[in-house]
Structure formats: C-alpha cells, structure tokens
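The block underneath contains the structure these notes are about, expressed in structure tokens.
Order of listing sets the numbers, starting from 1, for every ligand and every atom in it. Atoms considered below: every heavy atom in the structure, side chains included; atoms not considered: hydrogens, waters and symmetry mates. What you see is a predicted model, and the numbers here were worked out from it, not measured in a lab.
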Amino acid sequence: MEEIEKSNNPAWAIIGWTLIFSMGYAILRYHIFGPVPWKDFPFFILNKGISLSAFILLTFNFTFGPLKNLGVPVPNSWLRSRRFIGIVGFILVFIHAVMSFMLFNPANYAKFFEENGTMTLIAGLSMLTGVLAFIFLWLYNISFNSEIRKDKDLISFITSRQVLLSAMFLGGAHLIIMGYKGWLNPGGWHGGLPPISLVATTFFVVGYIINIFGRE
Ligand code: HEM
C-alpha cells in the first residue's frame, strides 16, 4: 500500500526534473557556451544550479494552491507533494546561502565590489533581500515542525496572504537587483541563453501573479 503511495507521489519527479533542468542550464550557459573553466563546476557553477532549483521548487510550493483556487485542474497528488517539495527547496536554499558566503569575494564577483573591496550598493541590497527571504523561509519551515505549530495565531500570521506575498517579493528582489544590468545586454548572453537570475525571475513573475489573484 505504502509502495503504491510512493509510486503515486510526483514529488520526486518534480524535484528530479527541476534539478536536471537547472544543473543542465547552468552547465550549458557557463561551461559549454560560456568561458567558465570546468574546475569551477564543483562550487561556483553548482551554486548557480542549486539556487535556480531552490527558487523553482519554492515557487511551485507557494503556487500550486493558488493555481487550484483559480480553477486550474492541479492534481491532488501535486497538492500533497507541496510539503516535501518545500522542504527540499529550503534545504537547497540553505546550501546556496552557505556556498554563497564562502564564494562571496571580489575575485569571484568583481561586479559586486568597489575597488576598495567594499560591497557596491546593488550587492548590499541584493544580499539584504536574500538574507531576509532566507530568514522568512527558515521561520516558515520551523513553524510546521515544532511546538510553534500549536500557536495558531503565529501560524496564521506566517501563512497569511500579506506575509507570503512579501516573502516572495523579497526573493524576487534578491534576483532583480543583482541581475537587471546583465538582462539589458542580450548581446553578452552566452549562447544567447538568458542569465540564471532572469530565468528564475520569470518563474517568480508568473508565480507572483498567480499568488496575487489566487491566494485567499
Ligand atoms: C543568506 C541568504 C542568501 C545569500 C547570502 C545569497 C547570495 C547569493 C549570491 C552571492 C548570488 C550570486 C550567485 C552567482 O551569480 O553566482 C545569488 C544568486 C541567486 N540566489 Fe541567492 N542568496 C541568499 C538567499 C537566496 C534565497 C532565499 C533564494 C531563493 C528563494 C536565492 C536564490 C538565488 C538565485 C535563483 C540566484 C541566481 C543565480 C545566478 O544568477 O547565477 N538566494 N545569491
């Protein structure tokens, strides 16, 4: 019986295809069409693939319910898979945050630093929104897994429309602030492929609109 349930659970397929798409895209854009050497795959490029996977999975997690509310026939098995997809998305964001802290220096991200080694305004704002989005996701995650769950007021606050829309907005702002300059220069896109920040922002915009209209 449990085996049947497992085989009917689409979460693994959704997570697997998201990982394949995100990693494949990062490899294609930066190694195959771009100039990044393969020695940078295990950390610098992997971090990009992980952050894109996390973003897509968390967007799915927040958007399946509102999509159903709008009358789109989202299968019940997809709705049931949201919790697992959300946990995996959070773990991937956690890995992304740790890897980014280790990578974040002028040698890896020249565009984010002034000549004197301090962060640019854009980098500061992008990191601030990333950290705030991460803290929200962390609170959201623990609120379903502990004693806090019994605090109905806190749960209804964390899962309220305003708070979820604000949290999604912070995630989107993290990407838009960091990436918009590169988006405006399609001639510089490796192999004509849009930057990962733009791919993730496309998921964000679609997910955000569905949430605005479909979240109760
Ligand atoms: C402590 C929190 C965070 C820190 C320090 C952080 C740091 C960074 C850095 C340094 C980059 C540039 C990566 C690169 O271009 O190689 C980045 C990109 C990105 N981050 Fe975050 N981030 C945080 C939170 C988040 C959260 C919460 C999400 C998702 C909800 C997220 C999703 C992304 C995505 C999709 C990219 C685009 C990667 C690219 O354009 O290559 N990040 N982040």
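For the atom pair CG (Asn69) and CZ (Phe64), the distance works out to 13.5 Å, reported to the nearest 0.5 Å. For the atom pair CZ of Phe203 and CG of Leu198, the computed distance is 11.5 Å after rounding to the nearest 0.5 Å.
With ligand atoms numbered from 1 in the order given, ligand 1 contributes 1 (C), 2 (C) to contacts under 4.0 Å with heavy atoms of Val131. Close contacts of ligand 1 with Phe104, meaning ligand atoms under 4.0 Å from a residue heavy atom, involve 10 (C).
For atom 15 (O) of ligand 1, the nearest protein heavy atom (residue, atom name, distance) is Lys48 NZ, 2.8 Å. Of the protein's non-hydrogen atoms, the one nearest atom 13 (C) of ligand 1 is Tyr109 OH, 3.4 Å. Closest to atom 40 (O) of ligand 1, if we only count protein heavy atoms, is Ser197 N, 3.2 Å. Residue, atom and distance of the protein heavy atom nearest to atom 29 (C) of ligand 1 are Phe55 CD1, 3.5 Å.
Taking the six-membered ring for Trp and the full ring otherwise, Phe84 and Trp12 have centroids separated by under 6.0 Å. If you look at Phe113 and Phe104, their ring centroids are closer than 6.0 Å.
Remark: the backbone N or O of Phe62 is paired with a side-chain donor or acceptor of Arg215 at under 3.5 angstrom. With Thr120 contributing its side chain and Ala123 its backbone, the two residues share a donor-acceptor pair below 3.5 Å.
Here the protein contributes His96 NE2, His174 NE2 as N, O or S atoms under 2.8 Å from atom 21 (Fe) of ligand 1.
Through direct or indirect side-chain contacts shorter than 4.5 Å among Ile, Leu, Val, Met, Phe, Trp and Tyr, Trp17 is connected to Ile20. Leu128 forms part of a hydrophobic cluster together with Leu132, Leu170, judged by ILVMFWY side-chain heavy-atom separations under 4.5 Å.
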Could you give the side-chain donor-acceptor pairs of residues 177-194 under 3.5 Å, partners two or more places apart or in another chain?
{"unit_1": "Trp183", "atom_1": "NE1", "unit_2": "Gly179", "atom_2": "O", "d": "3.2"}
{"unit_1": "Trp183", "atom_1": "NE1", "unit_2": "Ser197", "atom_2": "OG", "d": "3.0"}
{"unit_1": "Trp189", "atom_1": "NE1", "unit_2": "Gly182", "atom_2": "O", "d": "3.0"}

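Ligand 1 does not have Gly171 within reach: every non-hydrogen atom of the residue lies 4.0 Å or more from it.
For ligand 1, the polar-atom distance check against Asn47 finds no nitrogen or oxygen pair separated by under 3.5 Å.
Cation-pi geometry between Lys111 and Tyr109 is not met at under 6.0 angstrom from the ring centre and within 45 degrees of the axis.
Evaluated by nearest non-hydrogen atom to atom 4 (C) of ligand 1, the leading choice among Met127, Met102, Arg29, Met99 is Met127.
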